[in-house]
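Reading through the structure tokens given below for one structure.
Below, chains carry the letters A, B, ... as their sequence lines are ordered, and counting in each starts from 1.
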Protein chains: 2
Amino acid sequence: MEEEKRTVRAVERALDVLLCFTSGHEWGLTEIAGRIGLHKSTVHRLLATLEDRGFVTRNMDTDKYRLGLSVLELSANLSRSDDPSVVLLPEMERLRDQLSETVSLYVRDRSERVRIQAVQSTQAIRRVATVGARLPLSVGASSKVLLAFAESGVRGFIMADPAWPSQLDRIAFVKQLDEISAAGYATSFEEREPGAAAVSAPIFNRSGKLVAALSVSGPSNRLTPDRMHEHAPAIIEAAHRMGTILG
Amino acid sequence: MEEEKRTVRAVERALDVLLCFTSGHEWGLTEIAGRIGLHKSTVHRLLATLEDRGFVTRNMDTDKYRLGLSVLELSANLSRSDDPSVVLLPEMERLRDQLSETVSLYVRDRSERVRIQAVQSTQAIRRVATVGARLPLSVGASSKVLLAFAESGVRGFIMADPAWPSQLDRIAFVKQLDEISAAGYATSFEEREPGAAAVSAPIFNRSGKLVAALSVSGPSNRLTPDRMHEHAPAIIEAAHRMGTILG
DNA sequence: TCCATTGTTTCACCCTATGAAACCCTGTTA
DNA sequence: TAACAGGGTTTCATAGGGTGAAACAATGGA
């Protein structure tokens, strides 16, 4: 049963240390050690290495660690001209101007989804979406899109994951996915966050493979269920246009 | 003479692999191995580990590696409310609108400087500055600012670095730094890049410590030496205002 | 078909990452 | 002032695991 691991333990641990900084911004050595369950001295050595290469720096006032400039340097090279999050930005802005609500772009990464791009509504009351956020695949309009239109097999694979919420009614959920698959879009109303609602449509590339979910989200008193269904055609069309932009 | 290293070799190597992606965006395994001088199988294991944690993914068409979404996730947490690159952005935009040229913000990182923020000029012919770029400390207006106003000791420390260009006339350079220190700002004219010029002024925090260099750059036919000296007071004032914003 | 190139896997060796414990600091309490 | 607590740092023997040579597989030109 043992899956052979072809990875390097010390590196895994160092990367786990780095990933601590995805929540919260400053950590002490002991905090990190406690969080990933390693010895102080081990974490100390890993942090020294990360610091040497500029992936973390320490706040000399508090003596705590924070992300370093190498991360900035890397992220600058993350966005490439063939990257959906760059290519599709103008279309996202156009949709934002059309509907006056925040527009986000999600991709699936294993058993989660990641918001790879976002343009904010300009209204006083608006949904604020941060780029890079990692969210569960079990709730939210874009989650349902990413599952409903995924290649055959992944739906079952994801829902078999031990991390999948067991209290969720599977039968009803699958039924919902099939409905979404037929309708061509998904909605969510105060599903993940109270007071928020969203409509989402799939983006397919030229060969018909799902690459991302386009999502429009806002306060639930503006994005009522009726209003969301009114918006749906515009969103689907934008998603279709985006698909043709991609290779 | 041997400086005791308290770092983890495997992690160092893995981070070096990651740092390959700061230049160029896609790399094959063998390319990377050649570049850092490691064995194919070693790099293979490191890449497998990085991939497992989402720091790299592979383009399934070309089989080459590229940066993964974990980097995006980290970079989202880089920018904090107490981060100069966020807090000073509005002031930078104001200065850009005032002078109609590209405005950049640099900090020193060891023996280099890093552009941590930039707002682009809107003119047709303009300097384009990418955030995250890492540049030498030996040329450019902001380099000279970062050295001239640094705490005592760092100037000598940097110039003693083996990476410091030996062909540079040290006497003349130090004299220039002293002049800059007296004038309160620095200029460069086609110094690092032909056709480009820049003016730069220091930003100090409340306790008088140098935190960054504010730099205005553009094409050398617009930013003539005369014009640069005309602009200097506005830049110095903006830098001063920014200093008061910081803790 | 053959060759060239790249990614993958195996395996024995010995380097090196590990964690317990001791140590050093700085600030706080009695 | 001493005693304490809480962090970060250093040391060191041990064995666990990272390493690289070499063999292997999978491509895709020529």
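Rounding to whole angstrom units, CG of residue L47(B) and P of dT6(C) are separated by 15 Å. E12(B) places its CD atom 13 Å from the C1' atom of dA17(C), with the value rounded to the nearest Å. As rounded to whole Å, 16 Å separates atom C1' of dG16(D) from atom CG of L38(A). Residue E31(B) contributes atom CD, which lies 13 Å from atom C1' of dG7(C) at whole-angstrom precision. When rounded to the nearest whole Å, the span between NZ of K64(B) and P of dG28(D) equals 14 Å. Between Y65(A) atom OH and dG7(D) atom C1' the separation is 11 Å, expressed in whole Å. A straight line from CG of D63(A) to C1' of dG27(C) spans 13 Å, rounded to a whole angstrom. Rounded to whole Å, atom P of dT8(C) lies 12 Å from atom CD1 of I32(B).
Not one side-chain nitrogen or oxygen of R13(A) sits closer than 4.0 Å to the OP1 or OP2 atom of dG18(D). Within the 4.0 Å cut-off from OP1 or OP2 of dT19(D), not a single side-chain nitrogen or oxygen of T42(B) is found. The phosphate of dT9(D) has OP1 or OP2 within less than 4.0 Å of a side-chain N or O from R58(A). Side-chain nitrogen and oxygen atoms of H44(A) include none within less than 4.0 Å of the OP1 or OP2 phosphate oxygen of dG8(D). Not one side-chain nitrogen or oxygen of S41(A) sits closer than 4.0 Å to the OP1 or OP2 atom of dT11(D).
For the pair D109(A) and R134(A), the salt-bridge criterion is met [side-chain N within less than 4.0 Å of a carboxylate O].
Residue K40(A) is the one, among K40(A) and R45(A), whose nearest nucleotide of DNA chain D lies closer to the 5' end (criterion: closest heavy atom). Looking at which nucleotide of DNA chain D each of H39(B) and V8(A) is closest to, the 5′-most match is held by V8(A).
Side-chain proximity of L46(A) to the nucleotides dG8(D), dT19(D), dT18(C) is greatest for dT18(C).
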Tell me, with the steps shown, if R110(A) and D161(A) meet salt bridge (charged side-chain N to carboxylate O under 4.0 Å, His left out). CA-CA 10 Å; R110(A) 300 174 189 237; D161(A) 193 289; over 6 Å; no
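You'll find the side chain of I36(A) stays beyond 4.5 Å of the side chain of R13(A), heavy atoms only.
For W164(B) and F157(B), the ring centers sit 6.0 Å or farther from each other.
When only modelled atom types and interatomic distance are considered, R113(B) and S142(B) share a side-chain donor-acceptor pair under 3.5 Å.
Looking at heavy-atom distances under 4.0 Å, R9(A) makes contact with sugar-phosphate atoms alone, never a base.
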